[in-house]
Structure formats: structure tokens, C-alpha cells
Amino acid sequence: MNMYKFPFLLVGLLVGLSAAVLPPENLNQISIEGSRYITEQVENAVNGVKKMKSIMDQTGKEHQEIMRNLEETKKNKEEALKRALDTEQELEEKKEVCNETMLALWEECKPCLKQTCVRFYSKTCRSGSGLVGRQFEEFLNRSSPFSIFINGEKINSLTQEGEQQHMTLDDLEGGYSLVEDSVDELFRESIKAFGQMKPFFSNSFHNGFFESQWNPFPFQRVGFPFSESRQARSPTFNPYFSGNFESLIEAAQKMMERSHHFVPRLDGLGSIRGNGNDSDDKLVCKELRRNSASCLKMQEKCEKCKEILAVDCTGKDPVQEHLQEVFQDSLRLAEKFTRQYDDLLEQFREKMFNTTGILEQLNKQFGWLSKFANMTQSGKNGIFQVSTIYSKEGESPSDTKVTVNVFDSDPITFTLPGYISMDDPMFGELVAEEALKKFKTEVVEAA
């Protein structure tokens, strides 16, 4: 190569590589603007987490009120069922007036009931008709016609539905407990995280976070008979949390969704005729396998069974007539309280799904603050420090390469699109916004 040409080549190369590098005073100004932006974001996160805790505290009040109403409704139902059972016993002791007639009709009613039930089950359900037939026959043989036809299977069904409500409440309580613990832990971690940030902020700003004198359990948790297994059924809470709020809320929602799958009450299906709807038919089949006594609803298909219902066992005795009225009134009350209990469970469920939805959205915006808790900060680099901003010069704008420190992080390097001018009044805020995104994903998430 001609040695005389080398200086000219070097000059051309340097011109081609000419770039815009901001001087220290500009970098300092962008650092100040960026620090202001990040401070605002921290304030927003603090307020967002406090809002999450406030929402959960209010939900705690509403939860206690619902639990009190559930317990009162359960107590009223149990009293009505006890009154019905006691009255039924008194009536059965006076059944001699029609005992022989009823027993004779009963022996003719039983085979018809069994045959009708098995035929329906075989037509509607895939398998298990033999088992259902045997279960129903055993039920009929150990039951008296009087006790069955005075109340059908209502007392039995109401008792079993109470057990189902028990399981539903356990699921809802387990979900509630998990959500409550998750929010409490997120708040604790946020307090710890904000404590780590103390070197970066003024005392007035930092102390404002604690002015609410937060109490992690502002309301004493109340235990009720239906929620005895709440602690056993709830997943063990992870003491290290690690920003797992999303998966914990998802687990809580799945737990509470289980209470949606009620087996339908067969008293709303008339004579239990299949309606061709696969989903409804499956639930009816499940109910008959679980409670073959529901086949008593088919009594209208058997003449001898209907004749039993027509037998007057009171003998025109005013005492028996009064007992019969008390019995029927007690059953109606028990059914009323059962429906009220279902309504309260649904109210509980809807409240929790609405609450978890709001908490999820707030966590997406502000939950990052809690993940800062595992990071040690000295404050030596300040809130936000820009070290270099570099952009090639040319006919068309090129991307801008930026290197910054956020809090005490190692240098974070990223690029901004070339259409964002360094002369833009919002340039400092845009740099800080992108830096904070990188800080969250590369530093906070990995901590």
C-alpha cells in the first residue's frame, strides 16, 4: 500500500464513524430528570401496594359478615331439621291407624320403584345401573313407608346438601386464606423493599409510607364449624414468596371454582326425566349414584306408590293434623335456609373473584416493588445515573445506545430507536422509563 495514502484513509474512516456523544453536563441533567421519573414510579408502586392491602382489609370485613350470616343460617336450618325429625318421630308413633294398609301397599310399591329407577338410569347413564339398583333396594328395605312418604327424601337430601355446602365453603375459605396471605406477604416484602431504598430518598418521603401504621392482621380471624379444615386444605404459604403472587392467586381461583360444580337438586327436575342435555344428564346420573334415594321422585310412575300418598294416617286426630302441619312447616323452613346458604356462598364466591381480579391488575402494575426486598442497596450511585449516551451521525437517524445505573445496579445498556431525538424535552424521561423496564426484568426478577 502506498504509505502516502494511509493518512487520508484514516481521516475518511474517522469521518464515517463520527458520532454524537453527550457531554457530562447533559448526562447529569438527564440523570436528574430520570431520577425524578423513577421516584414517581416508586411512589406509585408504594400507593398501589397500599391500595391492595386496603382492598384486602375491606374484603376481610365483608368476609367476617358473610361468615356470621352463614353460621346463623346454618344454625336456623339445623334447628328446622331437628324440629322436623322430632315431629316425624311423634307422627310415626301414632301410625297404628293405617299401619297394615300402608305396609301392604308398600310391598307392591317397592319393586315398581326399583324397576322404574333402573330403567331410567340405564337409558340416561352409561354404566352402573346394577349398582344403583342394589343401593336403592337396600335403602327401600331398611326404610319404613311412613318415614319415606311423609317427607319423601327431603330430610335425607337436605342433610346431604349440607355436607356438600360444607365442602364448598371449605374451598372458598381455602381460596380466601391463600389470597389474604398472599397480599399480606406482598405488603411485608414491599415494606422490606422500601426499607432497602431508604438511602435514596428523603426522610419525609420514606416515612410517609409508614404513616398508616399498618397491621398485617387488622381483623381477628373467626373460625366457624364449616371452616374447621380451612388450614389443613390451604396450601402451605411460601415464606420466601419470590414474587409468586400471580401463581398463588391462580391457585386460589381454581380452588374457589370447584364450588361451582353443584350437583343439581333433583326436586327441581320433577319426575327426573332425561332432557337430552349431556351436561345435565351427567349431573343427574352422578346424583343417582351418590344418593339412590332420589329415585323416590319417580313414585308418580307407580300406582301403588301414589295410593300410599293418599292414605290418611291421621284418623282425623287434631293432634296428628297439627303435628303434620308442624312437620311440613319445618321442612319448608329448612329448604328456605338451604337456599339462603347457597345464595351467601355465591355472594362470597363472586366477591372473591372480583377482588382477585382487581388484585391481579394492581400487582401487574405495582408488585415489582416487593421483589426489590432481596436486594442490598447502599445508595452510593443515587437513584438514576446515566454514564454514556452514544448515537452515530449520518443522513438518517440511528439508534441511540445508552448505559445507566439504576439504584446500585451494575451498568445496564440498551438502545432507543433513532426517531427519538436527544433534543426531545421528554428524552430524559424516556431513557428512565426504558431503564426501569430493563432494571425490573434483568435485575429485580433475577434477585
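Worth knowing before you read on, the calculation uses all heavy atoms, side chains too, and leaves out hydrogens, waters and symmetry mates.
Within the 4.5 Å cutoff, side-chain heavy atoms of Leu296 are placed close to those of Leu113. Residues Lys74 and Tyr341 are in side-chain contact: their nearest non-hydrogen atoms beyond the backbone lie under 4.5 Å apart. Contact check for Phe327 versus His322: no side-chain heavy atoms found under the 4.5 Å cut-off. Between Glu250 and Lys254, the closest side-chain pair of non-hydrogen atoms falls below 4.5 Å.
Although no hydrogens or angles enter the test, the distance criterion places a donor-acceptor pair under 3.5 Å between the side chain of Thr441 and the main chain of Lys438. For Ser177 (side chain) and Glu173 (main-chain N/O), no donor-acceptor pair under 3.5 Å exists by modelled atom type. In this structure a side-chain-to-backbone donor-acceptor pair under 3.5 Å is present from Asn141 to Glu137.
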Could you please spell out the steps behind the side chain to side chain contact (heavy atoms under 4.5 Å, CB included) verdict for Lys371 and Glu189? CA-CA 7 Å; Lys371 300 171 186 177; Glu189 292 295 281; over 6 Å; no

Would you sort out whether Tyr176 and Glu180 count as a side-chain hydrogen bond (donor to acceptor under 3.5 Å, both in side chains), showing the intermediate values? CA-CA 6 Å; Tyr176 170 83; Glu180 182 182 48; 3.2 Å; yes

Could you check Glu33 against Phe427 for side chain to side chain contact (heavy atoms under 4.5 Å, CB included), going step by step and ending with a plain yes or no? CA-CA 9 Å; Glu33 294 170 1; Phe427 184 73; 6.0 Å; no

For side chain to side chain contact (heavy atoms under 4.5 Å, CB included), just list the numbers for Asp184 and Arg188, CA-CA rounded to whole Å, side-chain angles, deciding distance to a tenth of an Å, and then say yes or no. CA-CA 6 Å; Asp184 285 343; Arg188 288 190 189 96; 3.8 Å; yes

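Gly34 and Phe384 get closest at one heavy-atom pair: CA-CD2, 3.5 Å.
Cysteines Cys112 and Cys305 have SG atoms no closer than 2.5 angstrom.
Tested against Leu333, the residues Gln328, Arg83, Lys77 include a single side-chain contact (heavy atoms from CB on, under 4.5 Å) partner, Arg83.
A salt bridge links Glu62 with Lys351: the closest approach of a Lys/Arg side-chain nitrogen to an acidic carboxylate oxygen falls below 4.0 angstrom.
When ring centroids are compared, Phe407 and Phe439 come within the 6.0 Å threshold.
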